[in-house]
Amino acid sequence: MRTLLKNAHIVTAVDNYIADILIDGETIAAIGKLSIEESTIDKVIDIQGNLVTPGGIDPHVHLEMPFMGTFSSDSYETGTRAALYGGTTTLIDFVLQTQGKSLQHALDDWNTRAKDNTLCDYSFHMAVTDYNNETKKEIQHFIENEGITSFKTFMAYKGALMIDDRQMIGLMQEVKKHGGLINVHATNGDMIDYLIAKHKAEGKLAPLYHYLSQPEVTEAEASARFADLANYTGCPGYIVHLTCEGALNAVRNATKRNQKVFVETCIQYLILDASLYEQNFEGAKWVMSPPLREKKDQATLWAGINQGLVQVVATDHCPFMWEQKLMGKDDFSKIPNGHPAIENRMELLFSEGVQKGKITLNKFVEVSSTNAAKIFGMYPKKGTIAVGSDADLVIWNENENHTISATTHHMNVDYSGYEGWECKGKIKQVFLRGSLVIDNNLCTINKGFGQFIKRNKVKNFI
Ligand code: URP
Ligand code: ZN
Ligand code: ZN
């Protein structure tokens with residue numbers, strides 16, 4: 001199948017220009033002012049006046065994840081379809097090791113759920129929750145043979161997913177040896193555990209106390225500690241869902257040593273704030289870890305993006321039905337942590353970032369796609385518009401307004417954290433590996449279209 005997109009306004013992380021794009025099969029065959037015999041083309045689409053950006057990459061999502069006594073409510077089918085509607089053509093999910101069992105055991109489990117069920121392309125990070133001599137032996141195999149080059153660690157969720165610093169250092173040394181990267185949920189698990197217990201003992205059980213149990217210092221301290229351990233071991237690190245000024249300042253300090261500590265924030269931390277917790281149980285919609293922060297933190301994060309300290313804007317998409325959130329109606333510590341955003345990330349970032357003048361179009365592409373492709377070993381197959389790259393493309397009407405609502409979204413969750421939010425800029429069409437998969441609010445493919453992307457070791461990152 002050969003498709004010619006004529007008069008595209010192409011934006012990459014570095015370019016902004018008008019040209020035609022020839023798609024041949026799954027990849028981009030040519031870009032320029034193309035004079036091609038039209039009889040050799042199957043489909044010609046004139047997209048004059050529309051922006052074209054690389055397919056979005058969301059490197060932080062949790063689909064059908066067993067967590068806090070339940071499962072996140074998007075399946076691989078519903079979550080990856082919603083991702084495509086929102087312009088995300090590739091996502092990276094987290095495989096969670098069960099303590100006492102092998103990494104391979106967890107991967108088999110996740111493969112069973114994901115294989116043949118996805119619509120967009122996907123990869124996995126491997127979350128190590130039990131680092132020991134047996135786990136150590138599996139690291140090289142995952143990097144060399146499975147194409148899973150990033151290993152997630154939790155410094156929080158004490159008694160469940162958390163590892164201690166001894167395990168962290170051991171894992172960092174092994175991952176560094178084989179050319180991988182450590183992702184981290186960097187908050188101080190012991191301190192949070194103490195504050196949760198204290199609030200509960202005092203009878204403070206509303207969602208607000210979820211927020212008050214994870215003050216900024218819990219994240220700033222753990223981020224600085226993680227950066228120090230990464231510096232000591234020489235292992236590249238990536239802090240997921242960083243939310244606040246204190247934590248970003250810890251990274252700012254670390255970069256003075258010229259070490260590799262990449263930072264991801266998520267769309268919610270850029271545009272929502274902790275005042276949402278002040279409304280009785282309704283605040284449970286935004287119970288996530290870390291929690292939403294203050295307006296001053298939003299300003300720090302936008303600035304951090306422009307300073308190059310924050311490289312990625314993800315979602316940490318981890319939806320739960322309202323019924324599931326109600327598990328914690330009498331105790332905030334039982335509210336499943338997480339919120340839905342995979343379908344909204346690109347349009348919210350475009351609307352709030354580009355349209356409101358906070359970031360440039362090039363920066364938008366960099367943080368929504370290109371940097372994740374580079375950091376996680378998928379570039380230039382993914383993350384850009386270039387000859388030879390996968391034809392993963394998002395076509396926008398930058399002037400169309402629309403309103404976010406649970407009544408129209410495609411995520412399998414019965415509320416939206418952004419209900420009524422007005423966006424300027426709408427995704428009209430999405431191509432994944434050369435196929436038009438979203439065409440004006442219609443998804444044209446079925447589950448099984450998505451491919452697992454084996455990722456490369458990365459030497460130079462960004
Ligand atoms: O609240 C969150 N973030 N839920 C998902 C698990 C995690 O910590 O990323
Ligand atoms: Zn986390
Ligand atoms: Zn997460």
Side-chain angles (χ1 to χ4, degrees), residues 57-74 79 83 88 91-97 106 110 122-129 150-163 168 182-189 192-193 196 207 209-211 213-214 218-219 222-223 226 237-244 247 262-270 272 274 276-277 283-293 312-321 324-325 327-328 332-342 345 372 376 411 413 415 417:
I57 300 176
D58 188 341
H60 191 156
V61 311
H62 303 279
L63 302 175
E64 264 179 276
M65 179 176 73
F67 189 50
M68 296 184 74
T70 184
F71 279 78
S72 56
S73 60
D74 257 322
T88 290
L91 55 80
I92 315 183
D93 196 347
F94 293 84
V95 175
L96 298 186
Q97 179 193 16
W110 257 255
Y122 69 105
S123 180
F124 290 133
H125 306 285
M126 173 56 66
V128 179
T129 62
S150 43
F151 295 83
K152 169 81 177 287
T153 56
F154 292 90
M155 296 169 87
Y157 300 120
K158 192 173 166 64
L161 304 170
M162 179 169 152
I163 60 167
M168 179 73 91
I182 299 278
N183 295 355
V184 67
H185 173 130
T187 58
N188 184 317
I192 293 168
D193 193 53
I196 291 173
Y209 292 95
H210 169 79
Y211 165 62
S213 297
Q214 301 198 33
T218 59
E219 197 179 331
S223 300
F226 175 77
Y238 176 98
I239 300 178
V240 304
H241 55 39
L242 185 142
T243 69
C244 59
F262 300 108
V263 171
E264 164 199 289
T265 190
C266 298
I267 187 66
Q268 58 271 28
Y269 301 119
L270 289 166
L272 302 177
L276 289 165
Y277 298 122
K285 286 179 184 166
W286 300 277
V287 163
M288 61 185 82
S289 292
L292 300 174
R293 301 288 185 196
V312 173
V313 178
T315 56
D316 193 8
H317 175 75
C318 190
F320 295 99
M321 291 287 187
Q324 294 173 289
K325 287 281 183 182
M327 289 162 65
F332 70 86
S333 71
K334 296 195 166 58
I335 302 170
N337 285 202
H339 101 309
I342 200 166
R345 175 185 72 121
F376 293 112
M411 299 175 285
V413 55
Y415 61 87

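One-based numbering, in listed order, for ligands and for the atoms of each.
With hydrogens and angles ignored, the 3.5 Å screen pairs a side-chain donor or acceptor of Arg345 with a backbone N or O of Val313. Not a single donor-acceptor pair under 3.5 Å links the side chain of Thr187 to the backbone N or O of Ala156. At distances below 3.5 Å, not a single donor-acceptor pair connects side-chain atoms of His62 with backbone N or O atoms of Cys318. Tyr211 places no side-chain N or O within donor-acceptor distance of the main-chain N or O of Pro290, the cut-off being under 3.5 Å. Side-chain atoms of Gln97 come within 3.5 Å of backbone N or O of Thr129 as a donor-acceptor pair.
Considering Trp110, Tyr238, Phe151, Phe376 in turn, Phe376 is the only one that fulfils the ring-ring contact (aromatic ring centres under 6.0 Å, His included) rule with His125. Checked options Met327, Met321, Lys325; the residue passing with Thr70 is Met327 (criterion: side chain to side chain contact (heavy atoms under 4.5 Å, CB included)).
The aromatic rings of His241 and Tyr269 sit perpendicular, their planes meeting at an angle over 60°, well past the 30° parallel limit.
Listed by chain and number, the protein atoms of type N/O/S under 2.8 Å from the Zn ion (ligand 2) are His185 ND1, His241 NE2; waters are omitted.
The protein heavy-atom contact nearest to atom 3 (N) of ligand 1 is Asp316 OD2, 2.5 Å. Nearest non-hydrogen protein atom to atom 6 (C) of ligand 1 is Tyr157 OH, 3.5 Å. Nearest protein heavy-atom contact of atom 4 (N) of ligand 1 is Asn337 O, 3.0 Å. Of the protein's non-hydrogen atoms, the one nearest atom 1 (O) of ligand 1 is Ser289 N, 2.8 Å.
Seen from the Zn ion (ligand 3), atom NE2 on His60 and atom NE2 on His62 lie at an angle near 110° (rounded to 10 degrees).
Counting heavy atoms under 4.0 Å from ligand 1, residue His339 does not touch it at all.
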For a quick test of your reading: what N or O donor-acceptor pairs under 3.5 Å do the side chains of residues 332-340 make, sequence neighbours left out?
| from | atom 1 | to | atom 2 | distance (Å) |
| --- | --- | --- | --- | --- |
| Ser333 | OG | Lys200 | NZ | 3.0 |
| Ser333 | OG | Asp331 | OD1 | 2.7 |
| Ser333 | OG | Asp331 | OD2 | 3.2 |
| Lys334 | NZ | Asp331 | OD2 | 3.0 |
| Asn337 | OD1 | Ser289 | OG | 2.5 |
| Asn337 | ND2 | Ile335 | O | 2.9 |
| His339 | NE2 | Tyr418 | OH | 2.8 |

